[in-house]
Amino acid sequence: MTDQTAPAKATPTLPDAQTVTSVTHYTDRLFAFRCTRPQSLRFRSGEFVMIGLMGDNGKPLLRAYSIASPSWDEELEFYSIKVPDGPLTSRLQHIQPGEQIILRPKPVGTLVLDALLPGKRLWMLATGTGIAPFASLLRDPETWEKYEQVIVMHTCREAAELTYGRNLVEALPEDPLIGELVAGKLLYYPCTTREETAHMGRITDNMTSGKVFANLGIPPLDPAIDRAMVCGSLAFNLDIKKVLEEAGLTEGANSAPAEYVVEKAFVD
Ligand code: A2P
């Protein structure tokens with residue numbers, strides 16, 4: 001992991017420009033960065049915005065990114081994959097503190113607490129960079145006020161890909177704002193599928209086999225108490241929906257809250 005922080009450099013001002021304040025590289029495929037927050041931007045933890053860079057053709061090249069920082073944070077944080085030939089991420093991965101990005105200040109999304117009916121346990125189910133919206137929600141006091149237990153299941157191919165989420169989850173009990181709220185409520189179940197670690201396997205398999213419930217010593221899914229938020233690849237989202245529906249949970253939306261909500265982990 002490498003960190004970069006530096007004073008702002010003078011660069012030409014873009015429309016909706018924000019200045020990058022720090023960049024952290026986790027692996028050769030994953031990085032996170034923080035930037036200034038437009039004063040007018042209000043969002044609900046778990047929502048996404050369009051961000052990007054100016055394209056060579058002079059038009060903004062924008063993609064949807066979940067905001068990984070909580071709604072109270074004075075800066076914004078994003079967590080991204082690096083795709084070598086990806087139109088945006090092939091360039092965005094080289095961004096340096098002091099440089100500018102474009103950020104359209106119009107947050108949207110279904111991965112919000114308001115789209116769920118009241119419940120007791122909240123499952124955060126993420127693959128890969130799908131952990132980003134949960135990085136926001138996990139740092140939001142409302143999450144901890146609304147639920148008696150929060151279970152974070154994050155699965156990646158390799159252990160190093162879990163680092164961003166692991167650092168964040170492990171820092172929660174010491175967090176000056178929410179540390180006390182988190183006490184006794186957080187269960188973390190990180191898994192890998194292509195490198196040997198303590199917990200192995202896909203989220204879907206670990207739920208249908210009952211392994212996660214046995215390992216954590218908790219009862220299986222019950223639509224009366226369980227709520228779930230899902231963020232991962234398209235294939236994962238489809239497969240986990242089946243698992244949740246089979247357990248009796250139904251999909252919610254902002255306009256019609258229910259037992260679970262889904263968002264695609266965007267950039268690919
Ligand atoms: P696997 O290694 O068995 O494919 P990716 O990097 O391809 O987005 O995958 C991230 C993680 O999500 C990997 O651990 C991968 O497991 C898992 N995964 C991919 N597709 C599915 C799916 N349809 N259901 C459950 N887990 C999945």
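Order of listing sets the numbers, starting from 1, for every ligand and every atom in it.
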- Query: For residues E142 and S45, is any side-chain donor paired with an opposing acceptor at under 3.5 Å?
  - Reply: no
- Message: If we ignore hydrogens and angles and just use 3.5 Å, is the side chain of R202 paired with the main-chain N or O of T193 as donor and acceptor?
- Response: no
- Message: If you define the side chain from C-beta out and look only at heavy atoms, does anything of W144 sit under 4.5 Å from L138?
- Response: yes
- Message: Can you work out which protein residues put a heavy atom within less than 4.0 Å of ligand 1?
- Response: T127, T155, C156, R157, T193, R194, R202, T204, A235, F236, D239
- Task: Describe, in one word, how the ring planes of H25 and F31 are oriented to each other, choosing from parallel (under 30°), tilted (30 to 60°) and perpendicular (over 60°).
- Result: parallel
- Per side chain to side chain contact (heavy atoms under 4.5 Å, CB included), R121 is matched among V150, L187, I218 by I218
- At their closest point, which heavy atom of G165 faces which heavy atom of Y188, and how far apart are they? C-OH, 4.0 Å
